[in-house]
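Worksheet for the structure shown next.
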Amino acid sequence: MAQEVTQILLNAQSADGVVRKVAEDSLKQFQEQNLAGFLIALSHELANNEKPPDSRKLAGLILKNSLDAKETARKQELVSRWLSLDPAVKAQIKRALSQTLDSVVPDARHTSAQVIAKIAAIELPQGEWPELVGSLLANMGGPQVEKPAHLKQATLETLGYVCEEVSAEILAQEQVNSILTAVVQGMNASETSNDVRLAATNALYNALDFAQTNFENDMERDYIMRVVCEATLSPDSRVRQAAFECLVSIGSTYYEKLAPYMQDVFAITSKAVKEDEEPVALQAVEFWSSICDEEIEIQEEYSGDFTGDSEVPYFQFIKQALPALVPMLLETLTKQDEEQDQEEGAWNLAMAGGTCLGLVARAVGDDVVPLVMPYVQENVSKPDWRCREAATYAFGSILEGPSLPRLAPLVNVALNFMLSAMKDENNHVKDTTAWTLGRIFEFLHGPNVQFPVITQENLPMILTVLLESIKDSPNVAEKVCGAIYFLAQGYEEGTGAPSPLSPFFQSIVQALLVTTDREDAGDSRLRTAAYETLNEVVRISTEDTATIVMQLVPVIMQKLNHTLEMSVLSADDREKQSELQALLCGVLQVIIQKLGASDTTKFGIVQYGDQMMSLFLRVFSCRSATVHEEAMLAIGALAYSTGAEFGKYMTDFYRYLEMGLQNFEEYQVCAVTVGVVGDICRSLDDKVLPFCDGIMTQLLKDLSSNQLHRSVKPPIFSCFGDIALAIGENFEKYLIYAMPMLQGAAELSAQQVIRDDELIDYNNQLRSGIFEAYSGIFQGFKGNKAELMVPYAGHILQFIENVYQDKDRDDSVTKAAIGVMGDLADTLGPSAAPLFLQTVFYKDFLDECTSSDDQQLKETAEWALSTINRITNVG
Amino acid sequence: MAGQAGVPPRVHKRSISDQQRRREIALERQKQSRRDLQQHARQLASGFSPPSSPSQWDDAAHDADCSHSSPGSKRKGILEGTKLKGGKAREFYSQQLMLPEWMVDIPINLKKDWCIMARPAGQRCLVIAANGSTISRQRNGRILHCFPSALPNGARTRDVAAASHVYCILDCIFHAPDKTYYVVDMMCWRGYSLYDCSAEFRFFWMTTKLAETGALNPPTAHHRYRFSVVPVFECNTASLQAVYTGSVAFVRDGLLFVNRHAHYQMGLTPLVLLWKDAECSLYLFDTDSQGNVPAHQQVVLELCSDGTVVTSDQPPTVLGSLPSDFLQQNAQYLKPGDLLRFAIGDQGISIVDGKPVVADIHFQGLASKNRAGGADSCTKILFQYAARHSPLTIADLLVAIEASDDDGDTSMAC
């Protein structure tokens with residue numbers, strides 16, 4: 001067999017499907033019959049310089065794939081399979097791989113480097129293969145021993161891959177030190193081979209996370225920084241690009257160590273941005289963007305309050321570099337590509353420069369304005385479209401960050417200019433102008449904005465321009481939709497008074513509908529943008545335009561009906577159909593919610609209930625295994641609007657509800673469905689009972705599953721509360737299953753070691769969910785089944801006390817917790833009195849809440865206090 | 001790796017994205033509704049003053065105990081049985097099992113609404129673990145074994161003994177060859193009633209809860225018989241093949257089809273169906289005492305005081321009567337309530353509305369009074385009859401499942 005391996009590997013890459021199939025089958029057979037022999041044969045194939053490069057490459061790939069897989073379970077399986085191989089076999093394979101690093105064939109070396117790293121990823125954490133790093137370093141030679149360049153290149157590549165695969169704590173500090181020494185040596189200007197320098201620079205990128213200790217040491221850090229900066233001047237652009245990538249990474253990983261180097265770094269990035277090839281220049285700009293990211297984050301963290309003892313220092317690098325940095329970025333803006341607005345995912349120096357300028361504005365605020373405005377004024381009317389576009393882009397970029405008093409006068413002057421620029425002869429200028437209008441509305445318009453730029457006077461003109469420009473080419477129209485979206489968002493709903501938009505409402509809706517029907521709307525994001533803008537317009541609509549919203553219902557339903565009749569021949573068709581259905585269900589959801597929220601408009605929904613529901617069910621039936629999230633959300637809104645009436649849909653709907661609850665993979669769908677169960681409980685009340693066995697079974701399965709994303713668990717607990725409140729004492733039969741889950745989760749959450757903000761948030765959500773469950777159960781059992789909760793009362797109070805002591809407790813947990821205290825007292829009555837009499841904390845907790853500014857919290861606390869007092873005073 | 005992935009483009013001219021917003025708004029509405037409803041409940045609560053006299057609390061508790069609709073009433077009912085002795089106890093326990101009808105035609109929505117399992121051959125038992133011991137009773141109520149087990153409160157060992165309100169009731173088949181109780185259903189677990197839960201829910205708890213105890217472990221001194229959970233599957237062609245021919249630890253005696261939504265109800269139910277053929281059961285046809293299949297189908301019917309002979313159904317179906325002079329002659333042998341064996345003659349059975357109305361039956365003799373299942377049911381007679389004439393085959397079942405499209409429509413089977 002082994003003799004034929006070469007031919008089989010070549011056949012497996014044959015263009016002839018039959019030949020390929022036979023070869024693949026025999027490979028599979030070989031592997032199944034004799035795994036060790038198979039892997040050894042592959043490693044020998046890879047190592048053998050006599051063999052054709054193609055068979056060697058495939059041999060290496062198969063080896064690599066037998067060590068690692070994307071899917072966790074499969075990966076685990078491969079890892080254990082490798083570990084259980086005979087040590088002699090493994091040694092033989094590793095020997096062949098190491099030997100390959102010295103091959104003259106580049107592909108073979110490269111593949112071998114990858115395979116070695118995969119084995120290292122398995123063995124190093126187990127404490128095996130301790131000699132790996134040493135033997136690799138020996139390949140690098142020394143003062144007396146010169147090794148061939150290709151071996152050094154392959155070795156550095158291997159070291160880079162090993163650092164990428166293995167986590168930092170696995171390697172001992174002296175190993176890290178020797179790796180870094182070898183890598184930095186390879187990067188040094190004295191290294192004559194560019195390939196070696198490139199491999200070394202790439203390796204350093206992966207090794208940076210390991211270098212914490214080395215970056216603490218001034219001498220070592222200086223040396224690393226010097227070598228990296230020198231590499232940015234290498235004659236080989238690949239090396240320069242890789243060196244800048246290292247700088248970007250150092251910028252975010254070691255921000256606090258950067259101060260001494262910033263001047264030099266500015267000089268080299270500035271040179272690269274001006275002179276170098278685009279891929280290198282992009283990385284140089286990215287360095288400044290990532291420094292902006294760091295400084296924006298630091299400022300958000302400390303909300304501008306720097307007392308000097310903050311953990312992360314704030315060096316204001318951007319502010320200091322501003323006078324030179326802004327001109328450098330402005331210079332990039334005229335380097336646009338002709339087609340950039342038509343191509344999805346386009347990225348070039350002008351885009352990177354503008355994006356960086358936007359970040360700079362957020363990092364320094366007002367200081368950026370005087371540096372940018374002269375450029376805008378000078379260029380915005382120039383005959384060259386590149387200048388006009390660049391000036392507009394610069395202006396749009398600085399609208400977030402500086403203060404409103406600083407921006408408002410400028411925008412007031414610019415607005416008319418921008419509106420007329422929507423008639424510019426150049427597509428890119430119009431695209432950027434529409435985007436800038438959107439940013440103006442986003443940041444300088446709204447009920448809470450001090451200096452609103454939109455007034456009764458200029459609104460008609462703004463809308464005339466927007467509704468005209470929405471007919472422009474798709475990329476411009478999409479940005480116009482965005483502008484309308486933010487324009488609408490600035491008008492708050494709910495004051496009762498007609499909105500300033502009302503007079504234009506009909507024409508806005510009409511224009512958006514026409515846009516969704518455009519034949520060219522499907523090629524870009526235009527159709528999506530138009531529907532989503534329609535959503536926002538509906539959301540902020542006022543009662544005087546409710547009739548128009550109602551008239552939208554049959555229109556959207558008809559469009560949804562069309563999607564059901566689309567011919568679906570390919571996966572592509574299926575995806576298109578599904579996307580369109582998502583958008584349309586989204587619009588219906590927003591309309592249902594809008595009209596359903598008010599008693600005077602609710603009938604507009606109820607009259608279409610049957611038709612909508614049957615459409616949603618048909619949307620569901622377009623898929624076999626999953627349910628449509630947007631249709632699910634729309635159904636939730638419908639249940640909320642129709643109330644008990646919704647019961648008539650349950651028989652048909654139930655299977656999809658169940659399917660949604662079973663969807664572990666798309667956890668958003670599962671979470672949305674859990675929310676819909678809550679809607680249904682509130683609408684059907686005890687009529688939901690016949691479905692509860694099934695629902696509870698699914699929810700309990702969800703909770704016991706470790707596949708399900710954790711974010712779904714808090715809403716499931718809340719949902720227990722919804723069910724209990726709906727079916728009252730009938731919840732009894734689920735109690736012994738629900739309570740251990742709740743208690744378990746409560747205990748786990750109390751023991752949680754908090755490591756980060758995300759976990760704090762999650763813990764608070766989890767606790768809110770648990771409390772909402774308890775509240776629902778107490779309220780549901782009040783009267784007939786109160787005694788069932790007696791055994792749990794002590795534990796629940798204990799949990800509330802734990803939560804009370806937690807410094808990270810947020811407002812919603814606090815509300816939920818004191819609600820439960822009141823519910824517990826109310827439901828259990830005097831029998832709970834001893835518990836409260838033994839407890840000290842509850843009074844402090846309630847005192848804290850009754851003196852709160854939050855009215856809702858205050859009322860709940862007062863109610864809880866009076867309820868507890870009532871039962872404890874009964875004696 | 002650096003230099004290979006290129007620059008990750010940042011978001012450029014960010015456009016709107018509404019989907020996440022829709023989710024969040026929906027979530028906010030749900031939260032608000034939940035708050036409103038709880039607030040409402042609390043306002044109701046503060047409107048009423050709590051019962052102040054202890055007697056009112058007692059009444060409430062008392063009412064709850066007496067409520068006949070609560071699951072507690074059945075639980076209580078079955079505990080009543082422990083106070084009964086001898087024949088009364090047997091009679092009581094003989095009525096506590098859910099009994100399958102035989103599958104005479106294929107239910108609609110087989111794929112959507114039904115679960116399937118292979119049915120172990122052996123003695124059907126009600127297994128009750130309570131007060132530190134475990135008792136299994138056969139269908140006729142007679143005790144099969146009284147033994148210690150690792151079920152909760154099934155033995156007097158430190159690990160499993162518990163307070164008297166902790167007890168378990170299981171529906172099992174005792175499989176003699178490997179001395180194992182195969183659990184096919186769970187009615188109570190740790191004192192908690194599952195009677196009113198759907199079959200799917202019960203199966204889920206049966207599988208998860210038993211695995212949490214030592215009951216599935218090999219026997220020890222304090223755990224005389226091993227328990228084993230019979231795997232339950234959703235009804236599809238693959239699982240049907242699996243339960244029909246796939247390897248199982250026990251001798252198979254037909255297949256059970258259980259409606260996912262069915263609660264556990266005592267006595268015959270059309271929501272659990274038994275099906276078998278010669279491939280998956282050694283006991284397709286009833287045999288005589290020598291183990292031979294008689295030439296004519298045999299049925300066992302119960303003699304009523306008016307001389308009619310009836311099936312075990314509720315209400316019973318009359319399949320014929322014995323002549324009064326014959327009864328008088330044999331009055332000392334034939335008493336009402338006796339089980340009599342008949343052969344079905346060449347004229348067979350007349351069926352109206354899916355029930356046999358009259359049968360050409362010929363008296364053969366007395367059947368054992370302690371016969372496990374009592375008289376035969378209509379569906380059993382019909383199934384056995386069909387099995388001899390035009391049986392419902394595995395192929396019919398597969399076709400019915402395949403024909404169940406996503407809407408669960410098996411109209412062809414109707």
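Protein chains get the first letters and strands the later ones, always in sequence-line order, with residue 1 at the start of each. Computed from a prediction, not measured in an experiment: that's the story for all the values here.
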Can you tell which part of [X] gets under 4.5 Å to a heavy atom of chain B, answering side chain, backbone, both or neither?
X: A/Leu617; value: neither
X: A/Asp431; value: both
X: A/Ser866; value: neither
X: A/Glu278; value: neither
X: A/Asp293; value: side chain
X: A/Ser289; value: both
X: A/Ser249; value: neither
X: A/Glu536; value: side chain
X: A/Tyr734; value: both
X: A/Tyr737; value: both

* **Residue list, side chain to side chain contact (heavy atoms under 4.5 Å, CB included) with A/Asn730, at least two apart or on another chain** =>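 Counting only residues at least two positions away or on another chain, A/Asn730 forms a side chain to side chain contact (heavy atoms under 4.5 Å, CB included) with A/Leu689, A/Ile727.
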* **Any residue meeting side chain to side chain contact (heavy atoms under 4.5 Å, CB included) with B/Ser198, in chain and number order, not counting sequence neighbours** =>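 A/Asp693, B/Glu200, B/Phe201.
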Pairwise distance [atom1]([X]) to [atom2]([Y]) - rounded to 0.5 angstrom:
X: A/Cys719; Y: B/Arg34; atom1: SG; atom2: CZ; answer: 7.5 Å
X: B/His261; Y: A/Tyr654; atom1: NE2; atom2: OH; answer: 7.5 Å
X: A/Ser812; Y: B/Lys31; atom1: OG; atom2: NZ; answer: 6.5 Å

* Would you check if A/Asp679 and B/Gln30 make a side-chain contact, meaning some heavy-atom pair closer than 4.5 Å? =>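 Touching, per the 4.5 Å side-chain cut-off.
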* Any residue of residues 202-210 of chain B which, by heavy atoms, sits under 4.5 Å from chain A ->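 The residues closer than 4.5 Å to chain A, in numerical order, are B/Phe204, B/Trp205.
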* **Within 6.0 Å of CD in A/Gln856, more than 12 heavy atoms from elsewhere** =>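 Correct, the count exceeds 12.
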* Quick one: side chain to side chain donor-acceptor pair (under 3.5 Å) partners of A/Glu862, sequence neighbours excluded? ->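 Checked A/Glu862 against side chain to side chain donor-acceptor pair (under 3.5 Å); zero matches.
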* Asked: So, are B/Arg260 and A/Glu658 salt-bridged, with charged N and O less than 4.0 Å apart?
  ->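 Looking at B/Arg260 and A/Glu658, the cut-off is met.
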* To do: For chain B, find which of A/Ser718, A/Ala671, A/Ala637 contributes the most heavy-atom pairs closer than 4.5 angstrom.
  =>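 Most heavy-atom pairs under 4.5 Å with chain B: A/Ser718.
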* Asked: Among A/Met696, A/Lys701, A/Gln698, which has the most heavy-atom pairs under 4.5 Å with chain B?
  ->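 Highest number of heavy-atom pairs under 4.5 Å: A/Lys701.
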